[in-house]
Amino acid sequence: MSGCRKRRRGSASSEAGLVVDDEVQNEDVVDTGVLDTISQQYESLDYDTNYNSVLLDEIRIRGYKFIMQKDIQRWLIMFSVGILTALVACSIDISIEMLAKVKYGLLREWTDHCVEDNNDCLYIPYLMWVGLNVIPVTIGSFLVAYIEPVAGGSGIPQVKCYLNGVKVPRVVRIKTLICKAVGVTLSVLGGLAVGKEGPMIHSGAVIAAGISQGKSTSLNIDTKSLPFFRQDREKRDFVSGGAAAGVAAAFGAPVGGVLFALEEGASFWNQSLTWRIFFGSMTSFFTLNMVLSVFKGIPGQLSNGGLLNFGQFDNAKYEVWELPLFVLMGVVGGVLGALYNHINFKLTVFRMRYITSPALKMLEAMIVAATTASAGFLMIYLISDCKPFGNDPTDNPIQMYCNDGEYHVIGAIWFQTPEESVRSLLHDPPSSHHLSTLGIFFIVYFLLNCWTYGLSVSSGVFIPTLLTGAAWGRFAGAALDAIFPNSGLGDPGKYALLGAAAMLGGVVRMTISLTVILIEATGNLTYGFPIMVVLMVAKWVGDYFNEGLYDIHIQLAGVPLLAWEPPPLSATTYASEVMSHPVVTLSPIETVGHLVDILKTTTHNGFPVVDHPMEATYNSRTFGKMRGLILRSELIVLLQHKIFSELYGEWEGKVDMGLFRMAYPRYPDISRIYVSTTERDYHVDLRPIMNHTPTTILHSTSMPQMFNLFRALGLRHMLVLNDNNEVVGMVTRKDLARFRVVHHGSSMAREMVQVTEEVQ
């Protein structure tokens, strides 16, 4: 395929200490934008604690008092994360509300002015609308395209990968947070079909990752506090809490936040973490409400909900014979969600192949912003749907060609942020909208939403998807009312809510947390059962056709995400078939020169330490008796601080865990460490630092056992031994992620995906 970006296929995992023969490393290339590859560029996070001699000495010295101090610090950090996440959410919300009021107020004035007699100037508000859309979107797109690409999109897939154990580059940096917060404000102001809720989850995760470390490498600030949390395991727990606080702030759903973190990070869950995350979510919810109540002039009133507030709902009334209607809505939501995901998948592949330069990405965002304004203006101009002023939730009613005392319905929907439009569709009185108006709006907004997700802007998919679903849900309710008048069936607000839930469930395929989030956002438990029904059915129907939106984007990026369960029928696959081999091994005492050469010539992150290491060749069956495992980062720190046996007098008594925590998370590259010719002959004793008890399995272990052990413990390396305790290979995340289950409708198959050098 001409003009197609390519990826070269590699054959080995850089997590393990592997040697790859030249003949194995072929020059095959794979088309960019396929779902059956895994990228070599993603590394694993190391959630397994290395209880080496140095750490054990520290534990003995500090005792139980230190355990209590750490626990108190964890609660205080989670409290701070909740407050700061809420403050970021408030800043975004207040900025959007104030600036949007100015923007749409200006457009309303000019539109009404130009419609009046003798003022034939409708092109002026149209051009103003295009300009007021394109300018903020251009700035927001610049932040993503040129400054921090990982700040694009909602950030939920990246957080999901992080909690799964994948190290996504730059995902929890402060620069990412700034670009995300400013970018999403500009995207919503630019009138795009986006929401600000998804990015709040990412923002909460970044805040938690930063505060828990007590330092910022980007800003070169180190408070030297909280050093004991400078490890992947602790950081992950705080990131899951930050994500939950983000959900609580975005949707006013503290319980939904806990369930979201649980759904995405269930492999490492425990009860104390649940309480801490719930505490952080409550803090976030309370802080957001306090600040917004002051901003709205009603200080102390805590009934505002989150950034997304569906408004006040009366108790739901539904009969048992309405259940088939709810199921049908779930089916429609699943089909539409699958269609949305398919269209967006094709668009994303096109973008990966052809829209590759930052300038082109910015240009596309500008075109979408201008198209959105044009679509809105054309709908207002061509569709005549008027209704008299009433108690309708709209701030900027425009008259357009309506009679005095009336306002334009479509204009009211377009001249406000998507959140307010969702509220309008949920709460407008019956017969507020013509069926044709709702149908046209649904089609236009559905296509705009598909086109917008995946642009180089910070954007959430929740709100536009809820708005799309609310449009067809209200259409269904109004149609029922028209077909069966006086039956009490067609409550358009109820069906708008269920349509919104079905659409969102069909797109993202989250069930438990989404149900609770939507119930908390409505503030009415009586809607719980219908929402559960439509979400479950939408997920089942959508899963028949394709994966959820986030999973599709994760697969396109080539992230080695581990599924919840091992592939079915994989019990006949053994460790000897899955493992990577041969492996690069080290002796318990190594020369400095040998260590430097290995680190420079390989990209591996874990090295088995064995007695009498053998030459690693592809035909080798074993590589020596297992003594332990040492990581690249640990070797780097030993070389950086020159912890050599011959220099014992210089560093005696100074080697502690602090050396490793200071270097975390960005360890220096081996090329930046200077070793003199004399020092190359010195020796390094690896025994005090290496992990003496790494997780090991026998070569005859079945794949389900391997998979469950690897995922539950959050491992990065798993050594494979033979019956004589000799190392024969190593299993890493990529070795397991290569085995994937593929659903094609009602059929299921297992496939082995390729490992590529990089995703472009």
Side-chain angles (χ1 to χ4, degrees), residues 79-108 132 136 140 177-178 180-191 194-204 206-207 242 244-254 256-257 280-313 391-397 412 415-424 426-427 458-460 462-463 466-467 517 520-523:
F79 180 70
S80 310
V81 167
I83 290 176
L84 284 172
T85 303
L87 291 177
V88 169
C90 289
S91 308
I92 293 171
D93 189 53
I94 291 169
S95 304
I96 289 173
E97 190 172 325
M98 292 175 71
L99 293 169
K101 192 175 284 185
V102 173
K103 171 186 172 180
Y104 292 118
L106 196 64
L107 288 176
R108 186 193 66 191
L132 290 171
L177 173 64
I178 294 166
K180 196 91 188 176
V182 176
V184 75
T185 307
L186 294 167
S187 299
V188 177
L189 269 179
V194 300
K196 55 183 181 285
E197 280 65 27
M200 273 315 308
I201 297 168
H202 189 182
S203 300
V206 180
I207 289 167
V247 173
F251 299 100
S281 298
M282 285 190 339
T283 306
S284 175
F285 179 67
F286 173 78
T287 308
L288 180 93
N289 267 306
M290 277 301 294
V291 176
L292 288 183
S293 68
V294 172
F295 172 70
K296 290 174 180 174
I298 40 173
Q301 186 179 330
L302 301 179
S303 56
N304 289 305
L307 299 187
L308 171 65
N309 187 354
F310 285 158
Q312 193 65 40
F313 278 85
N391 301 320
D392 315 303
T394 179
D395 288 332
N396 288 301
F415 276 22
Q416 57 190 2
T417 58
E419 283 93 338
E420 292 165 330
S421 301
V422 171
R423 271 201 295 278
S424 296
L426 293 179
H427 292 292
S458 296
S459 60
F462 277 72
I463 293 302
L466 285 170
L467 181 54
I517 285 169
E520 288 186 275
T522 55

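Just so we're clear, the structure is a prediction, and the values are computed from it rather than from any experiment. We use all heavy atoms of the structure for the numbers below, so side chains are in, but hydrogens, waters and symmetry mates are not.
Remark: the backbone N or O of Leu87 is paired with a side-chain donor or acceptor of Ser91 at under 3.5 angstrom. No donor-acceptor pair under 3.5 Å is formed between the side chain of Thr85 and the backbone N or O of Gly246.
Atom CG of residue Leu467 and atom OG of residue Ser424 lie 9.0 Å apart, to the nearest 0.5 angstrom. A distance of 11.5 Å separates CE in Met290 from CD1 in Ile83, rounded to the nearest 0.5 Å. To the nearest 0.5 Å, atom OG1 of residue Thr287 and atom CZ of residue Phe285 are 11.0 Å apart. Separating the CG atom in Leu189 from the NZ atom in Lys196 is a distance of 10.0 Å, to the nearest 0.5 Å. Remark: Phe79 CZ to Met282 CE distance equals 10.5 Å, nearest 0.5 Å. Separating the CD1 atom in Ile92 from the CG atom in Leu186 is a distance of 10.5 Å, to the nearest 0.5 Å.
Across Met200 and Ala250, no two heavy atoms sit closer than the pair CB-CB, 4.1 Å. Of all heavy-atom pairs between Ser95 and Thr185, the closest is CB-CG2, 3.9 Å. Summarising the geometry of Lys180 relative to Ser203, their closest heavy-atom pair is CG-OG, 4.0 Å, with the distance given to 0.1 Å. Considering all non-hydrogen atoms of both residues, Ala89 and Leu288 come closest at CB-CD1, 3.7 Å. Across every non-hydrogen atom of Ala248 and Pro254, the tightest pair is CB-CA, 3.9 Å. Annotation for Ala253 and Glu520: closest pair CB-OE1, 3.2 Å, computed over non-hydrogen atoms.
Dense packing is recorded around CZ of Phe313, with more than 12 heavy atoms of other residues, nucleotides or ligands lying under 6.0 Å away.
With a 4.5 Å cut-off on side-chain heavy atoms, Phe251 and Glu197 count as touching. Side-chain contact between Val194 and Ile463: absent, with no pair of heavy atoms (C-beta onward) separated by less than 4.5 Å.
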Review point. Side chain to side chain contact (heavy atoms under 4.5 Å, CB included) between Asp93 and Phe295: does it pass, once the steps are laid out?
Key: CA-CA 11 Å; Asp93 189 53; Phe295 172 70; over 6 Å; no
